[in-house]
2 protein chains.
Amino acid sequence: MADAQGAGKTPVEEQISTGKRVRADAQRNLLAVLRAAKDVFAISGVDAPVRDIAERAGVGVGTLYRHYPHRADLIAAVFRQEMDACADEADALGASLPPFEALSTWMRRFVDLAVTKQGLAKALHSGDPAFEGLPARREERLMPAFRRLFERAAASGTIRDDIGSDEFVRAAASLCLSGADTEQAQRLVGLLVDGLRRPEDGREHDDGR
Amino acid sequence: MADAQGAGKTPVEEQISTGKRVRADAQRNLLAVLRAAKDVFAISGVDAPVRDIAERAGVGVGTLYRHYPHRADLIAAVFRQEMDACADEADALGASLPPFEALSTWMRRFVDLAVTKQGLAKALHSGDPAFEGLPARREERLMPAFRRLFERAAASGTIRDDIGSDEFVRAAASLCLSGADTEQAQRLVGLLVDGLRRPEDGREHDDGR
DNA sequence: TATCTTAGTGGAACGTGCTCCGCTTTATAT
DNA sequence: ATATAAAGCGGAGCACGTTCCACTAAGATA
């Protein structure tokens with residue numbers, strides 16, 4: 001049995017970190033497959049034919065299987081990749097936009113990710129070992145990136161101070177995972193974000209009913 | 001989508017009970033498929049090719065799919081069938097053998113069933129709606145049949161009175177489901193059954209260490 | 001630069017699930 | 001008994017997953 005490399009490292013990282021020689025074309029192909037898979041999954045869902053992915057990546061199916069022996073490996077790799085990208089973007093937004101705008105912009109990005117995850121939810125809960133590392137990755141990479149954005153907004157005084165970052169993001173996630181499509185989820189989470197914004201001074205609204 | 005008929009009724013029962021006309025050949029084929037599936041599952045596991053089952057039953061794959069649109073339907077039907085047969089046998093044994101012998105003989109039969117179920121365990125816990133009715137069936141048909149045997153043995157005074165029927169059968173089941181093969185499970189449950197037998201009068205063994 | 005070694009490639013080929021539809025068999029009406 | 005309707009049958013055919021291995025070309029060696 002091929003060892004499922006799980007969600008801890010990409011195959012390339014794996015190979016590099018274990019000191020093995022990695023051919024340049026192999027790296028290229030790996031990346032092409034990953035990108036193709038991301039697209040195809042988005043278009044046709046995670047049950048899309050392997051051949052479609054291989055074709056889009058411009059490689060043979062054999063190559064695809066070489067890198068990702070099981071479909072779950074590929075799904076995990078794509079998802080991990082997207083989580084990382086989303087986390088990176090949090091930092092980028094934090095460095096380029098004012099606190100509240102960075103947060104609200106990033107939340108839209110997060111919704112995209114979370115809605116996608118919906119389709120993966122069944123797979124995620126299948127107990128497949130390939131998915132084992134994903135929750136940890138979320139906690140260790142995605143959530144901290146989010147918290148930095150949130151806390152910066154909090155420190156700037158532009159958001160309410162009676163909502164915790166964790167409960168906020170959990171609420172957003174549950175909106176996304178409740179069966180809504182992207183449009184609807186964006187709208188609902190948008191409400192949440194608006195609600196988070198601290199009212200303008202002197203125009204506080206009456207939340208005491 | 002064809003309606004999964006679940007584990008509540010066999011398709012034939014379904015058709016008869018809904019007053020629909022059922023052709024004789026359809027009934028024959030249905031039974032043949034069920035028997036073939038039982039055999040093939042036993043030989044090759046529940047992932048055996050559909051074609052193998054159809055061939056053994058002497059029907060085309062189309063016929064098989066007509067009766068059991070999803071593999072889970074077939075598995076559920078086979079398993080339900082076996083549970084019922086096992087329950088029926090409890091009553092038959094109860095009517096033809098002395099209390100303790102009836103119980104101990106039936107326990108061997110039960111082990112066969114339970115060990116088989118091991119292979120199905122993953123499928124059972126997959127959440128497939130086809131399996132929904134099975135646990136209920138076990139409680140409503142198999143367990144009562146067992147309890148009748150057990151209580152008859154208890155009433156006849158041939159077994160200890162400090163063990164409940166439920167804990168006893170649960171213990172037996174857990175021995176079967178712990179990864180043992182049939183041989184081993186039979187031996188272990190045999191121990192359990194021997195332990196259940198009330199010691200001969202005047203030759204009580206010292207269980208107080 | 002020319003040669004060698006072998007990691008890596010790609011796609012033919014095979015096994016399987018599942019569908020589709022022309023044909024067969026059964027049951028009913030006459 | 002015969003004709004008619006349709007339930008049911010079976011297996012060819014297609015899509016897909018997965019394996020296998022002859023071939024290609026990247027990188028090491030001299």
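Numbered from 1 within each chain, the chains take letters A, B, ... in sequence-line order.
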Inset, instruction - Determine the contact category for B:A48: base if any of its heavy atoms lies under 4.0 Å from a base atom, sugar-phosphate if only primed atoms, P, OP1 or OP2 are that close, otherwise nothing. - result: sugar-phosphate

Legend entry - B:D47 CG to C:dC18 P, straight-line distance once rounded to whole Å: 11 Å

Legend entry - Phosphate contact (C:dT9 OP1 or OP2) by A:H67 side-chain N/O below 4.0 Å: yes

Legend entry - Gap between atoms NE2 and C1', on A:H70 and D:dG17 respectively (whole Å): 13 Å

Legend entry - Rounded distance in Å - CZ (B:R28) to P (C:dT25): 11 Å

Inset, instruction - To the nearest Å, give me how far apart CZ (B:R66) and C1' (C:dT25) are. - result: 13 Å

Legend entry - Among C:dT16, D:dG8, C:dG8, the one nearest B:P49 by side-chain distance: C:dT16

Legend entry - OP1 or OP2 of C:dG8 under 4.0 Å from side-chain N/O of A:T63: no

Inset, instruction - Would you mind reading off the distance between B:L31 atom CG and D:dC9 atom P, rounded to a whole angstrom? - result: 13 Å

Inset, instruction - Produce a footprint string for nucleotides 19-25 of chain D: one letter per nucleotide, 5' end first; B if the base is under 4.0 Å from any protein heavy atom, S if only the sugar-phosphate is, - if neither. - result: B------

Legend entry - Any donor-acceptor N/O pair under 3.5 Å between D:dG17 base and A:R51 side chain: yes

Inset, instruction - For B:A24, answer base if it contacts any base atom (sugar-phosphate contacts may also be present), sugar-phosphate if it contacts only those atoms, and nothing otherwise; contact means non-hydrogen atoms under 4.0 Å. - result: sugar-phosphate

